[in-house]
Protein chains: 2
Amino acid sequence: MRRPDARPLYVQVEAILNDRIVSGSWKSGQAIPAEPELAAELGVSAGTLRRALARLEQRHLIERRQGRGTYVAQQTSQQALGQFFRVRNLAGRPVDPETVITAVTTSPASEEEARRLRLAPGEEVHRIDRSRVFEGEPRIAERISLPAAFFPNLTLPLAPKQLGTEIYVHYRNAHGIIVVQAEENLSATAATEADAAILGCPVGTPLLLIERVTFDAAGRPVELRVSRLDTRAHRYAVEIA
Amino acid sequence: MRRPDARPLYVQVEAILNDRIVSGSWKSGQAIPAEPELAAELGVSAGTLRRALARLEQRHLIERRQGRGTYVAQQTSQQALGQFFRVRNLAGRPVDPETVITAVTTSPASEEEARRLRLAPGEEVHRIDRSRVFEGEPRIAERISLPAAFFPNLTLPLAPKQLGTEIYVHYRNAHGIIVVQAEENLSATAATEADAAILGCPVGTPLLLIERVTFDAAGRPVELRVSRLDTRAHRYAVEIA
DNA sequence: CGTCTTGTGTCTTATACAAGACCATGCGAG
DNA sequence: CTCGCATGGTCTTGTATAAGACACAAGACG
């Protein structure tokens with residue numbers, strides 16, 4: 001009975017604010033109340049509130065600007081690209097990808113998909129097959145698997161243009177799913193005939209195989225993405241700090 | 001004249017403490033003065049000092065433990081392994097690598113080495129060729145290039161055992177170089193005959209090619225490392241937050 | 001078009017108490 | 001007497017509060 005919640009107060013406040021964003025009671029791009037006001041409402045000191053806000057900012061859930069206010073982060077395609085897209089050209093500069101969607105299907109999850117997305121056996125997933133084009137050349141062939149339960153009516157608004165630009169923006173705007181974290185496993189593989197046809201490379205060309213699981217702000221896995229990157233003219237960049 | 005130093009005070013304090021660690025006036029593993037004492041010496045408030053210490057801790061330059069004190073981080077092999085070694089087995093667990101050194105040479109830097117390590121043309125580098133063995137099987141073939149200017153007498157203490165365990169520990173203990181950051185570029189390549197001989201795989205097997213440049217606490221590049229990972233039984237794991 | 005006012009986040013200081021770690025003291029069992 | 005160990009004192013970092021000076025942005029006003 002001593003400790004109703006053992007976590008530090010600033011962590012509890014962070015969780016409360018996190019919920020408000022995830023639940024949508026604070027909309028994307030909207031300004032949130034000023035610090036003194038919010039601190040008073042929550043019954044904590046300004047310092048404690050600031051500590052919670054700093055953590056939310058580090059997780060890219062809010063943006064703060066001195067003199068202006070604090071805003072719920074918008075999943076702009078620029079921001080999502082910088083945060084999650086690690087492909088660079090040989091000069092080390094980010095590339096600006098175009099997207100071509102080739103197929104969208106829905107069917108029960110494979111064993112692999114169920115495991116990675118923590119789905120029950122038999123649950124359905126949507127699958128999006130697409131290729132990504134850099135400077136006129138197709139360089140990535142990928143398949144995206146989404147739990148159908150999280151993405152109802154995915155097929156309806158699926159104009160290729162919609163999903164092309166940046167799919168995480170679409171997740172957020174159309175389905176309210178805020179992507180904050182991803183785990184990737186990288187390996188090398190040889191191009192199959194299907195890969196070769198998409199990427200325009202010889203069969204057997206070494207490709208960088210990227211298996212990504214993406215998580216939302218509540219920690220649920222919401223996307224499995226398997227990409228095959230042709231590294232003849234591009235690299236996957238990692239910073240370790 | 002208005003602003004002798006435009007940076008916030010806590011950043012200036014961070015820089016001062018950073019210098020003390022880099023210059024060696026605070027030794028590795030040693031306890032640093034308690035907060036009130038240090039704050040008084042630097043002429044800042046406890047809060048400001050704490051903010052600087054928090055940043056140093058985030059960069060893994062110090063370790064703080066409630067009740068005990070604050071210590072200059074030791075580059076233990078465990079810590080370095082967790083921080084910089086991203087290879088996992090197929091179950092997702094970290095592997096415990098052994099190391100076999102095959103050659104150590106010194107000669108003028110190649111064009112590539114000079115560019116990545118920011119060396120003048122003609123400057124010398126040491127090169128260490130080694131392989132890394134997981135669970136009895138050689139899985140990585142790599143070459144490490146070090147600016148000779150930063151690593152005098154490298155060849156003398158170069159008992160394979162010394163460099164085997166974790167080379168960053170050796171850098172720190174023998175040369176005072178504190179490694180804090182790395183940039184990696186990943187691509188896929190086919191195993192050459194030399195790779196095949198080391199890794200015991202067929203020529204042409206797709207390998208994960210990892211090009212890493214490592215930086216010290218002063219931001220200088222101190223190591224270029226080119227690794228070829230056999231991904232038949234292992235993966236390279238990345239977390240994006 | 002500049003200046004002022006107002007509202008916002010940022011920095012710095014100060015104080016108090018909580019919690020973890022360590023150590024010396026001293027009591028009690030053997 | 002000696003050993004073992006509980007206990008409390010004291011040092012450490014961690015958490016929470018409060019208050020004021022400052023910097024930046026935007027709109028109102030002259």
Side-chain angles (χ1 to χ4, degrees), chain A residues 1-18 20-21 26-74 79, chain B residues 1-18 20-21 26-74 79:
Chain A
M1 225 24 165
R2 291 290 169 75
R3 334 175 78 196
D5 188 341
R7 295 176 301 170
L9 193 48
Y10 63 85
V11 176
Q12 300 175 42
V13 171
E14 180 194 4
I16 292 172
L17 302 182
N18 183 76
R20 293 196 184 177
I21 296 170
W26 284 347
K27 306 282 184 223
S28 182
Q30 181 184 344
I32 74 176
E35 286 182 5
E37 186 183 339
L38 193 50
E41 184 216 319
L42 296 170
V44 302
S45 73
T48 300
L49 172 65
R50 279 186 61 76
R51 201 161 172 184
L53 291 173
R55 291 165 64 96
L56 290 169
E57 187 180 29
Q58 234 179 358
R59 293 169 54 205
H60 302 108
L61 281 173
I62 61 174
E63 287 172 8
R64 323 193 66 195
R65 265 176 299 178
Q66 184 176 167
R68 293 199 46 170
T70 301
Y71 299 82
V72 178
Q74 253 173 325
Q79 185 254 330
Chain B
M1 219 30 163
R2 290 290 169 73
R3 333 172 78 194
D5 189 340
R7 296 176 301 170
L9 192 48
Y10 65 85
V11 176
Q12 300 175 42
V13 170
E14 181 194 4
I16 292 172
L17 303 182
N18 184 75
R20 293 194 184 176
I21 296 170
W26 283 346
K27 305 284 183 224
S28 182
Q30 181 184 341
I32 75 176
E35 287 180 7
E37 186 182 340
L38 192 50
E41 182 214 321
L42 296 171
V44 301
S45 74
T48 299
L49 173 65
R50 280 187 61 78
R51 199 161 171 184
L53 291 172
R55 291 165 64 96
L56 290 168
E57 187 180 29
Q58 237 181 353
R59 295 168 53 205
H60 303 108
L61 282 173
I62 61 174
E63 287 173 8
R64 322 194 65 197
R65 265 175 299 177
Q66 184 177 167
R68 292 202 46 167
T70 302
Y71 299 81
V72 179
Q74 247 171 327
Q79 185 253 328

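Computed from heavy atoms alone, side chains included, the values below leave out hydrogens, waters and symmetry copies. This one's a predicted model, so the numbers in the text were calculated from it and none came from an experiment. Convention: sequence-line order gives letters A, B, ...; per-chain numbering from 1.
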Identify, residue by residue, the members of [range] with a heavy atom below 4.0 Å from DNA chain C, and return them in order of residue number, or none.
range	value
residues 9-17 of chain B	B:Leu9, B:Tyr10
residues 32-40 of chain A	A:Ala34, A:Glu35
residues 56-68 of chain B	B:Gln66, B:Gly67, B:Arg68

Residues A:Arg64 and A:Glu35 bridged, charged N to O under 4.0 Å: yes
Value in whole Å for how far the [atom2] atom of [N] lies from [atom1] of [X]:
X	N	atom1	atom2	value
B:Arg51	C:dT13	CZ	C1'	13 Å
B:Leu49	D:dG14	CG	C1'	14 Å
A:Tyr71	D:dC24	OH	P	17 Å

Contacts of type salt bridge (charged side-chain N to carboxylate O under 4.0 Å, His left out), residue A:Arg65, not counting sequence neighbours: none
Set of salt bridge (charged side-chain N to carboxylate O under 4.0 Å, His left out) partners for B:Arg51, sequence neighbours left out: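 Checked B:Arg51 against salt bridge (charged side-chain N to carboxylate O under 4.0 Å, His left out); zero matches.
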Under-4.0 Å side-chain N/O to phosphate OP1/OP2 contact, B:Arg50 with D:dT13: no
Presence of B:Thr70 side-chain N/O under 4.0 Å of D:dT12 phosphate oxygens OP1/OP2: no
Atom pair [atom1] ([X]) and [atom2] ([Y]), whose distance is rounded to the nearest 0.5 Å:
X	Y	atom1	atom2	result
B:Leu49	B:Leu9	CG	CG	10.0 Å
B:Leu17	B:Ile62	CG	CD1	7.5 Å
A:Leu42	A:Gln12	CG	CD	11.0 Å
A:Gln74	A:His60	CD	NE2	15.0 Å
B:Ile32	B:Thr70	CD1	OG1	5.0 Å

From CA spacing to verdict: side chain to side chain contact (heavy atoms under 4.5 Å, CB included), B:Leu56, B:Glu14: CA-CA 7 Å; B:Leu56 290 168; B:Glu14 181 194 4; 3.8 Å; yes
Atom of B:Gly29, atom of B:Tyr71 and distance for their closest heavy-atom approach: O-CD2, 3.6 Å
Qualifying salt bridge (charged side-chain N to carboxylate O under 4.0 Å, His left out) pairs, either residue in residues 36-49 of chain A, two or more places apart: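 The answer is A:Arg20-A:Glu41.
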